[in-house]
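Below is one structure; the comments refer to it alone.
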Amino acid sequence: MSLPKPVKKSLFYIFLTCLAVIIIVPVFFLITTSFMSNNEAYTYPLPIIPAFNYKFEVKKHPSKYGDSYFISTYNRTKDKFESVLDTNSIPQIKTYFRQQLSVEVTDQEIKEQLKGMVNGDVRYFSFRKSLLYNYVTFFNVVRDAIPAFFRSIYVAIMTIIISLTLGSMCGYAFARYIYKGKDITKITILFVRMFPAVALAVPMVLILTAMGLFDNPFGLSLVYSVGAIALTAWITSSIFINLPLELEEACQVFGASKWRVFWKITLPLALPGLAASTMYIFLGAWGEVLIAMLLTQNNPTFPVVVFNTLLGASGEVNLVAAGGIVMLIPAIVFMLIVKKYLKTMWGNV
Amino acid sequence: MGKIVNKKTMPYLLLLPTFLYFAAFWLIPVIQCIRMSFQTPEGAYTLANYSFVFNDPVYPLALWNTVIFVAVSVSIEFVLALFLAILVNKKFRGVGVLLFLAMLPMTIPAIASAAMWQTGFTDYGWFNSLLYHLGIITSEFPVSWLSGGRWSMLILIIILDAWGSIPSIMIIILAGLQGLPDEAKEAGYTFGAKKQTVIWKIVVPMIKPTIVTAVILRIISAIQIWMLILILFNYGRLPVLLSRIVYWSEKMVTIKNYQQIAATYTVVLAVIITIVAIGYLYASGAIGSKKGKQL
């Protein structure tokens, strides 16, 4: 504590930078992997930055099937050309370029580069890589992706509405009243959260079917709300209990009704807590897979679609990464919206 | 409104909708689940499911792996999260960027983060590649992160899980810190208290309800870890309690009483979680005491 202020400040920022690096690095690699071609994703060591174009080295040489092109691509990490293909068929080259290297070129463009080569010739050329190849592939493979995406947004919003309304009422009751059976109600709500949600899914199939809500996004949000209400109740109660009671009392002295005080004073003060709850609810509902898998059939949510596709693609690393990023984007957008409310309080500290 | 509803009935009115909701969408399925754990597939009552689970050689392993994971990860994560929350709870240049970054791990959906670690920690994954680029290892001898024994698997899971969990604990604590009136801290400084004293004697006790909430929620979610372990080590190598439920309800569907066994594992897990949670809440004074402000 006796360090001079500039030294302390530098140490503080060095520490924060280390933190930032630890957080960013895995996400960074998830992003770069999503831009890699199959060829890149399965090399070791992986490149840090995905390639934007491919450099090729072609040797024309005679083989027992006739004249053939021996094609190598440049590996930046190892700083040398690595052989990838030996063929005389232009369509085969094209297919290989597209599937393995994410290079989308026409027969004509390949022919152009190979024109006039004689046996023993070596030629160098480069093609641009299509960076979004994995994303395009992803949305081509996943037929139901776009309706499922909006379905998931709907599920998340409904879950937020149900659980924020009911949960914050409970949280207020916990924080501001002494009543008979308080401990029991608190524990009950916690217990609801504790019970593994997976287990509810199997009996829930029958209940939702009886209600006509099986395979329905609203039915799913009803199930998600169970855990989300409990979470909201606990988070908001811990926020309400810290809010100055005197302010509420003062307003009541001046004749404001209890409901008015709640909406005009308590709620705005509790906004950061509510924002945090909303964020947890959204993230929980947005990313949940197992219950959604059991409770939907023809109307899956987005994560289920992603999960199935990834399973179907037998875990191609780069495609998995692209799916992960697609799932991540709405979550980040939502977080940025909520962050504004967290930051209003932040500025006042 | 305030005149019609009196003070005594108000809390019950606030709680009523939620409890009706829980009765319909939680209690009924839970009762069905518990009943299932005591039944044969034909519907006759039996204790055979429980004797099967307790005699399952994987059960003690799954139990201890879960216990160790929860105890170690929650305590480490809590200390680090509290430290970070107090550290960043002030005005400094770049606080917005840091808050954004801190929230990044929690926004990553479970599938995406499991995929991220899986692609990262295989022998030819990005983590070894990163070490290679930093000059720490050579390209001929990648480190086999996933092939270690039970303890190294547990340590890896604890570290990777902390990456995603610490920020979420930190955010809850931070929300509590921000609700704190400045006067309390100022009073402490006025009377000549040191910074540490103010933090440990004033700030931490004042945000204790928030801390209790953050920790209890984390304990509950830590007990229910499964996705990451499943993706990295499959069902067999590092069994935990919840992965046993998933295993029985997803993988054992050919066995006649798979649902009953899954339900039994669920009840066992729920009982364990209940005991731990209530024990923690009593120890922390969140329940069992008559504290609370009254309006």
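Order of the sequence lines sets the chain letters (A, B, ...), proteins ahead of strands, with each chain counted from 1. Remember, predicted model here, so these are calculated numbers, not experimental data.
Comparing B/Leu241, B/Leu98, B/Leu87 by how many heavy-atom pairs each has under 4.5 Å with chain A, the most go to B/Leu87. Ranking B/Ile220, B/Ile207, B/Leu242, B/Leu27 against chain A, the residue ahead of the rest is B/Ile220, based on heavy-atom pairs under 4.5 Å. Comparing B/Gly120, B/Gly176, B/Ser168, B/Pro105 by heavy-atom pairs within less than 4.5 Å of chain A, the highest count is held by B/Ser168. With chain A as the partner, the residue from B/Ala102, B/Ala114, B/Pro142, B/Ala110 showing the most heavy-atom pairs under 4.5 Å is B/Pro142. Taking A/Ser225, A/Ser237, A/Ala20, A/Ser168 one by one and counting their heavy-atom pairs under 4.5 Å with chain B, the maximum is reached by A/Ser225. By number of non-hydrogen pairs under 4.5 angstrom with chain A, the leading residue of B/Val97, B/Ile31, B/Ile223, B/Leu130 is B/Leu130. The residue among A/Gly287, A/Ala173, A/Ser163 with the most heavy atom pairs within less than 4.5 Å of chain B is A/Ala173. Counting heavy-atom pairs under 4.5 Å between each of B/Ala270, B/Ser129, B/Ser221, B/Pro109 and chain A puts B/Ser129 at the top.
When heavy atoms are compared at a cutoff of 4.5 Å, B/Trp163 approaches chain A solely by way of its side chain, counted from C-beta outward. Contact of A/Val289 with chain B is made through the side chain alone, with heavy-atom distances under 4.5 Å. Proximity to chain A involves both the backbone and the side chain of B/Phe25, based on heavy atoms less than 4.5 angstrom apart. With a 4.5 angstrom heavy-atom cutoff, B/Ile273 touches chain A via backbone and side-chain atoms both. Residue A/Thr165 does not touch chain B at all, counting heavy-atom pairs closer than 4.5 Å. At a 4.5 Å heavy-atom cutoff, the contact between B/Met206 and chain A is made by backbone atoms alone. Within the 4.5 angstrom heavy-atom criterion, only side-chain atoms of A/Phe15, from C-beta onward, approach chain B. Residue A/Leu222 touches chain B through both its backbone and its side chain, counting heavy-atom pairs closer than 4.5 Å. Contact of B/Ile166 with chain A is not made at all, since no heavy-atom distance falls under 4.5 Å. Using a 4.5 Å cut-off between heavy atoms, A/Ile325 makes no contact with chain B at all.
Looking at B/Arg93 and A/Tyr13, their side chains come closer than 4.5 Å, going by heavy atoms from C-beta outward. A 4.5 Å side-chain heavy-atom check between A/Met204 and A/Leu295 finds at least one atom pair inside the cut-off. The shortest side-chain heavy-atom distance between A/Met293 and A/Glu288 does not fall under the 4.5 Å cut-off. Looking at heavy atoms from C-beta onward, A/Phe302 lies in side-chain contact with A/Val326 at the 4.5 angstrom threshold. Considering only heavy atoms from C-beta on, A/Ile332 comes within 4.5 Å of B/Leu104 through its side chain.
Here the CZ-CZ distance, from A/Phe29 to B/Phe127, works out to 10.0 Å after rounding to the nearest 0.5 Å.
For the 3.5 Å distance criterion, the side chains of A/Arg260 and A/Ser257 fail to qualify, holding no donor opposite an acceptor.
For residues 23-33 of chain B, no pair satisfies salt bridge (Lys or Arg N to Asp or Glu O under 4.0 Å), with sequence neighbours left out.
Residues satisfying the side-chain contact (heavy atoms from CB on, under 4.5 Å) test with B/Tyr12, not counting sequence neighbours, are A/Tyr179, A/Lys180.
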